[in-house]
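Okay, so here's the structure we're looking at.
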Amino acid sequence: MVIAIDGPAGAGKTTVSKGVAKRLGFTYIDTGAMYRAVTHKVLKANIDLNDEETVAEAAQRMDVCLRKDRVYVDGEDVSVQIRDPDLTRSIVKVADNPGVRQHLVELARSMGRASKGAVLEGRDISSVVFPDAELKVYLDASLEERARRRYEELKEKGIEIERLKEEIAIRDEQDKNRILGPLRRDKDAFYLDTTSMRVDEVISRIVAEAKKAGA
């Protein structure tokens with residue numbers, strides 16, 4: 001069984017997806033981390049992000065591996081580095097690269113099919129990666145709440161909440177208007193506004209929906 005969880009940045013997809021996977025004994029697959037990992041490796045190699053062919057070739061040569069809560073590229077644990085706010089600003093060019101997307105979509109599909117049960121999260125899992133997923137979920141939350149959540153994660157780095165709010169709003173527009181795999185709510189998706197919900201409540205709601213679908 002595949003559970004596809006989509007939604008805008010800061011809606012709680014990662015935390016919730018991990019919780020759902022743990023409760024159901026499923027494999028958790030963070031597709032966003034895969035794009036972050038490629039971005040990190042490309043930047044580290046000083047490859048011009050505007051050179052689509054070279055970036056795509058580099059991505060196809062990389063060994064991107066997700067193990068539990070860790071992300072590895074060519075054997076190197078990059079779990080911390082890929083969450084850097086400066087890297088986040090560069091992801092869009094990598095995510096919009098057709099060659100990179102084709103490669104990572106196929107990689108995510110193969111991971112999902114190899115699992116007895118999988119929870120995948122991103123922005124186009126329901127519409128592109130697994131349109132035939134047994135359960136599709138669209139997580140949402142207000143812009144203010146999403147900024148607050150990110151602030152709690154990053155406040156030790158001195159990030160201002162207003163700056164985060166502006167960046168998330170820009171990211172929303174970018175994600176919704178992307179040519180490849182834009183963020184959108186699939187017509188078959190279970191919609192859940194998490195603005196005023198606790199994490200455990202969100203997880204329980206999705207687990208209940210998964211059991212209705214046969215988990």
Side-chain angles (χ1 to χ4, degrees), residues 5-15 17 29-67 69-108 111 120-125 127-129 143 146-147 149-184:
I5 299 181
D6 293 311
K13 298 188 299 295
T14 299
T15 301
S17 296
I29 301 173
D30 182 356
T31 61
M34 294 162 65
Y35 287 94
R36 286 176 173 275
V38 170
T39 303
H40 168 72
K41 188 74 172 184
V42 168
L43 291 174
K44 188 176 179 180
N46 293 316
I47 297 173
D48 183 356
L49 296 181
N50 294 309
D51 186 345
E52 290 191 348
E53 184 175 348
T54 301
V55 171
E57 289 175 352
Q60 291 159 11
R61 290 195 303 270
M62 292 176 203
D63 176 24
V64 179
C65 179
L66 308 179
R67 290 202 295 269
D69 291 335
R70 313 306 294 176
V71 182
Y72 299 85
V73 177
D74 297 332
E76 177 189 2
D77 186 342
V78 297
S79 307
V80 175
Q81 296 94 314
I82 65 173
R83 300 300 173 184
D84 188 289
D86 291 331
L87 181 143
T88 299
R89 300 183 189 98
S90 301
I91 290 175
V92 62
K93 288 189 176 180
V94 172
D96 283 347
N97 184 307
V100 173
R101 285 194 60 78
Q102 181 179 359
H103 174 64
L104 293 185
V105 165
E106 288 302 322
L107 180 58
M111 289 179 179
L120 293 88
E121 55 118 332
R123 71 167 188 270
D124 63 350
I125 309 302
S127 57
V128 175
V129 184
L143 176 60
R146 289 186 285 133
R149 292 172 183 174
R150 282 292 168 86
Y151 174 73
E152 290 300 319
E153 295 174 359
L154 301 171
K155 61 183 178 182
E156 292 183 358
K157 295 186 177 181
I159 305 295
E160 296 180 357
I161 192 167
E162 285 304 314
R163 175 185 167 190
L164 285 172
K165 186 175 178 180
E166 292 174 3
E167 291 183 351
I168 291 174
I170 292 172
R171 173 81 177 273
D172 284 350
E173 287 304 307
Q174 290 176 335
D175 286 348
K176 290 176 182 177
N177 294 296
R178 281 176 171 164
I179 296 175
L180 298 173
L183 170 68
R184 70 169 186 263

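Computed from a prediction, not measured in an experiment: that's the story for all the values here.
Put simply, CG on Asp30 and CD1 on Ile5 are 11.0 Å apart, with the number rounded to the nearest 0.5 Å. The structure places CG of Leu87 at 8.0 Å from NE2 of His40, a figure rounded to the nearest 0.5 Å. Summarising the geometry, atom CG belonging to Leu143 is positioned 10.0 Å from atom CD belonging to Glu166; distances are rounded to the nearest 0.5 Å. One finds the OH atom of Tyr151 at 9.0 Å from the CG atom of Leu164 (value rounded to the nearest 0.5 Å). To the nearest 0.5 Å, atom NE2 of residue His103 and atom CE of residue Met62 are 8.5 Å apart. The CZ atom of Arg67 sits 8.5 Å away from atom CG of Asp77, with the distance rounded to the nearest 0.5 Å.
In terms of the side chain to side chain donor-acceptor pair (under 3.5 Å) criterion, Arg150 has no residue partners (sequence neighbours excluded). When the salt bridge (Lys or Arg N to Asp or Glu O under 4.0 Å) test is applied to Asp63, no partner is found at least two apart in sequence or on another chain. Not a single salt bridge (Lys or Arg N to Asp or Glu O under 4.0 Å) links Arg123 to another residue, sequence neighbours left out. Residues satisfying the salt bridge (Lys or Arg N to Asp or Glu O under 4.0 Å) criterion with Glu76, sequence neighbours excluded, are Lys44. The salt bridge (Lys or Arg N to Asp or Glu O under 4.0 Å) search around Glu152 returns Lys155, not counting sequence neighbours. Applying the side chain to side chain contact (heavy atoms under 4.5 Å, CB included) criterion to Leu180, with sequence neighbours excluded, gives Pro98, Arg101. Looking at residues two or more places apart in sequence or on another chain, you find no side chain to side chain donor-acceptor pair (under 3.5 Å) involving Arg184. Among residues two or more places apart in sequence or in another chain, the side chain to side chain contact (heavy atoms under 4.5 Å, CB included) test is passed with Gln102 by none. With sequence neighbours excluded, no residue forms a side chain to side chain donor-acceptor pair (under 3.5 Å) with Gln60. Scanning for side chain to side chain contact (heavy atoms under 4.5 Å, CB included) contacts around Asn177 gives Glu173, with sequence neighbours left out. With sequence neighbours excluded, no residue satisfies side chain to side chain donor-acceptor pair (under 3.5 Å) with Asn97.
Side-chain atoms of Asp48 and Thr54, non-hydrogen and from C-beta on, never get closer than 4.5 Å to each other.
Salt-bridge formation is detected for the pair Asp175/Arg171: a Lys NZ or Arg NE/NH1/NH2 atom is positioned less than 4.0 Å from an Asp or Glu carboxylate oxygen. Using a 4.0 Å cut-off between charged nitrogen and carboxylate oxygen, Asp124 and Arg178 do not count as a salt-bridge pair.
Contact detail for Ala108 and Val129: the closest heavy-atom pair is CB-CG1, 4.1 Å. The shortest non-hydrogen separation linking Gly99 to Ala56 is CA-CB, 3.9 Å. Leu104 and Val38 get closest at one heavy-atom pair: CD1-CG2, 4.1 Å. Shown here for Asp86 and Asp84, the closest heavy-atom pair between the two residues is N-OD1, 2.7 Å. The minimum heavy-atom distance between Ala147 and Ile161, with the atom names listed, is O-CG1, 4.1 Å. Counting all heavy atoms, side chain and backbone alike, Val78 lies closest to Ala37 at CG2-CB, 4.5 Å.
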Check against side chain to side chain contact (heavy atoms under 4.5 Å, CB included), Leu49 and Val94 = CA-CA 7 Å; Leu49 296 181; Val94 172; 3.9 Å; yes
Sequence neighbours excluded and cut-off under 3.5 Å, please list the side-chain donor-acceptor pairs for residues 7-15, or say none.
{"residue": "Lys13", "atom": "NZ", "partner": "Gly7", "partner atom": "O", "Å": "3.0"}
{"residue": "Lys13", "atom": "NZ", "partner": "Pro8", "partner atom": "O", "Å": "3.0"}
{"residue": "Thr14", "atom": "OG1", "partner": "Glu121", "partner atom": "OE2", "Å": "2.7"}

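A donor-acceptor pair shorter than 3.5 Å can be found between the side chains of Thr88 and Arg36.
The one candidate from Ile47, Asn46, Thr39 that meets the side-chain contact (heavy atoms from CB on, under 4.5 Å) condition with Leu43 is Thr39.
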